[in-house]
Amino acid sequence: MTESAKPDDSAPLKSVLYVDDEPDIREVVEMSLHLVSGIDVRTCGSGTAALELLPTFKPDLVLLDVMMPGLDGPATLARMRGDAKLKHIPVVFMTAKALPQEVDRFMSLGAVGVISKPFDPMQLASRVQEIWRSVAVP
Amino acid sequence: MSSEQDSRARDSKQQALEMQQKMLEIGARYLKRTIGELDDLRRMTTDISTNGVESLKELEVLAHRIRGSGAVFGYSKISDLAGEIEMLAVERMRSAQIDPQLADQFASYIDALAAEVSATSAAKTS
């Protein structure tokens, strides 16, 4: 994990990229994370757009919708893990398909957490912060 | 309660009210967008006879999106009806069963979804 993305007890989560093809949910997540936790949130509508934005934005964490047309969440994560500049950025999946076996599959792909949809916008920030704090510091 | 605690409680309440208001606004936009997406669902259904599984996949993705977002905004009936469209698409992709009645089945599900979206929109604007 790069130094800038390495969480520890004193490093709050500052920036998040949220990737989802649903524009209304992008707006909800941006509002929720920024209003409740003051996190700098950028959003984009596809895995392809995310891969273009990531090298310049360099967020602390990526929240990635699973089902998207074109490059879906898992395929986007795979591309990130294959890129030396992006592979250290922690990724959390957001999905309506959060059965235990699906969660296991997502974690085995390299995600650091899975958040179920629907989510409570008032609780989303604390859930994301909880996952951020749980990512191990070597 | 101390004045600092009072202040924090007020901020938290204010934040919740602000978020509630924003959710109503965004939810209204979601309903408007979903009305437009009903035409997309109908087009995808028409295309099943020529595009087969590709159209079923498109139906799955769009219905999944409507389902998930509907649930976030508290439109549970819309979410459930979109979920039925999604499930039918998934089942037929798995079984590769594309028969002439399939388009009619999707059409009736989409009609039900359209009626619910329309009713919900009307209730919100009245």
Side-chain angles (χ1 to χ4, degrees), chain A residues 18-39 41 43-48 63-76 92-99 101-102 106 114-129, chain B residues 8 11-37 40-41 44 54-80 82-87 89-90 93 117 121 124:
Chain A
Y18 179 59
V19 189
D20 193 327
D21 61 315
E22 165 64 290
D24 300 316
I25 300 302
R26 291 201 300 269
E27 198 171 347
V28 170
V29 168
E30 183 175 1
M31 170 196 65
S32 170
L33 294 182
H34 185 69
L35 198 63
V36 176
S37 280
I39 296 170
V41 184
T43 68
C44 61
S46 69
T48 306
L63 277 180
L64 190 49
D65 188 34
V66 168
M67 189 175 283
M68 295 184 286
L71 212 60
D72 66 8
T76 304
V92 175
F93 280 126
M94 290 191 56
T95 179
K97 300 189 180 209
L99 296 173
Q101 58 266 34
E102 290 284 347
F106 295 140
V114 178
I115 295 176
S116 300
K117 284 180 176 180
F119 55 86
D120 179 350
M122 285 301 293
Q123 303 298 326
L124 181 64
S126 62
R127 180 73 185 109
V128 173
Q129 295 278 12
Chain B
R8 276 204 297 269
D11 287 346
S12 186
K13 195 173 172 182
Q14 185 58 34
Q15 213 174 60
L17 283 171
E18 202 177 326
M19 198 170 297
Q20 204 174 32
Q21 183 56 37
K22 285 292 286 181
M23 286 295 287
L24 286 172
E25 289 168 14
I26 303 170
R29 284 200 286 277
Y30 158 80
L31 284 174
K32 199 172 169 182
R33 188 188 316 282
T34 304
I35 289 169
E37 286 174 342
D40 292 332
L41 289 170
M44 290 167 191
E54 200 180 304
S55 289
L56 287 175
K57 185 65 185 172
E58 283 186 326
L59 276 161
E60 183 204 359
V61 170
L62 181 52
H64 174 84
R65 203 172 88 188
I66 295 170
R67 173 171 78 92
S69 302
V72 169
F73 293 113
Y75 300 136
S76 55
K77 272 193 183 169
I78 290 175
S79 178
D80 288 345
E84 287 185 0
I85 297 169
E86 181 188 356
M87 284 314 305
V90 168
M93 277 194 294
V117 172
S121 293
K124 294 289 168 196

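All of these numbers come straight from a predicted model, not from anything done at the bench. Naming: A, B, ... by sequence-line order, numbering from 1 per chain.
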Measure the [atom1]-[atom2] distance between [X] and [Y] for me, rounded to the nearest 0.5 Å.
X       : Y       : atom1 : atom2 : result
A/Thr95 : B/His64 : OG1   : NE2   : 5.0 Å
A/Met67 : B/Leu62 : CE    : CG    : 11.5 Å
A/Arg26 : B/Ser69 : CZ    : OG    : 10.5 Å

**Asked** Hey, which of A/Asp120, A/Asp20, A/Asp72, A/Val28 has the most heavy atom pairs under 4.5 Å with chain B?
**Response**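 Top count of heavy-atom pairs under 4.5 Å with chain B: A/Val28.
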
**Asked** Considering only heavy atoms, which portion of B/Glu86 lies under 4.5 Å from any heavy atom of chain A: side chain, backbone, both, or neither?
**Response**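 It is the side chain, since no backbone atom gets that close.
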
**Prompt:** Within a reach of under 6.0 Å around CD of B/Gln15, are more than 12 heavy atoms found that belong to other residues, nucleotides or ligands?
**Reply:**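 Count over threshold, so yes.
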
**Message:** Is it the case that atom CD in A/Glu102 sees more than 12 heavy atoms from other parts of the structure closer than 6.0 Å?
**Reply:**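 Yes, because the 6.0 Å sphere around CD of A/Glu102 holds more than 12 heavy atoms from other groups.
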
Compare every heavy atom of [Y] with every heavy atom of [X], then report the nearest pair and how far apart it is.
X        : Y       : result
A/Pro121 : B/Met23 : CG-CE, 3.7 Å
A/Asp24  : B/Tyr30 : OD2-CA, 3.0 Å
B/Arg67  : A/Ala96 : NH2-CB, 3.9 Å
B/Val61  : A/Pro69 : CG1-CD, 4.0 Å

**Message:** Is any side-chain heavy atom of A/Val36 closer than 4.5 Å to one of B/Met19?
**Reply:**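 A side-chain contact exists here, since the closest heavy-atom pair is under 4.5 Å.
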
**Prompt:** Is any side-chain heavy atom of A/Met31 closer than 4.5 Å to a side-chain heavy atom of B/Glu18?
**Reply:**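 The answer is no, as the side chains (C-beta and beyond) never meet within the 4.5 Å cut-off.
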
**Request:** Would you mind checking which part of A/Asp21 comes under 4.5 Å of any heavy atom in chain B, side chain (CB onward), backbone (N, CA, C, O), both or neither?
**Result:**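 For A/Asp21, the contact with chain B is made by backbone and side chain together.
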
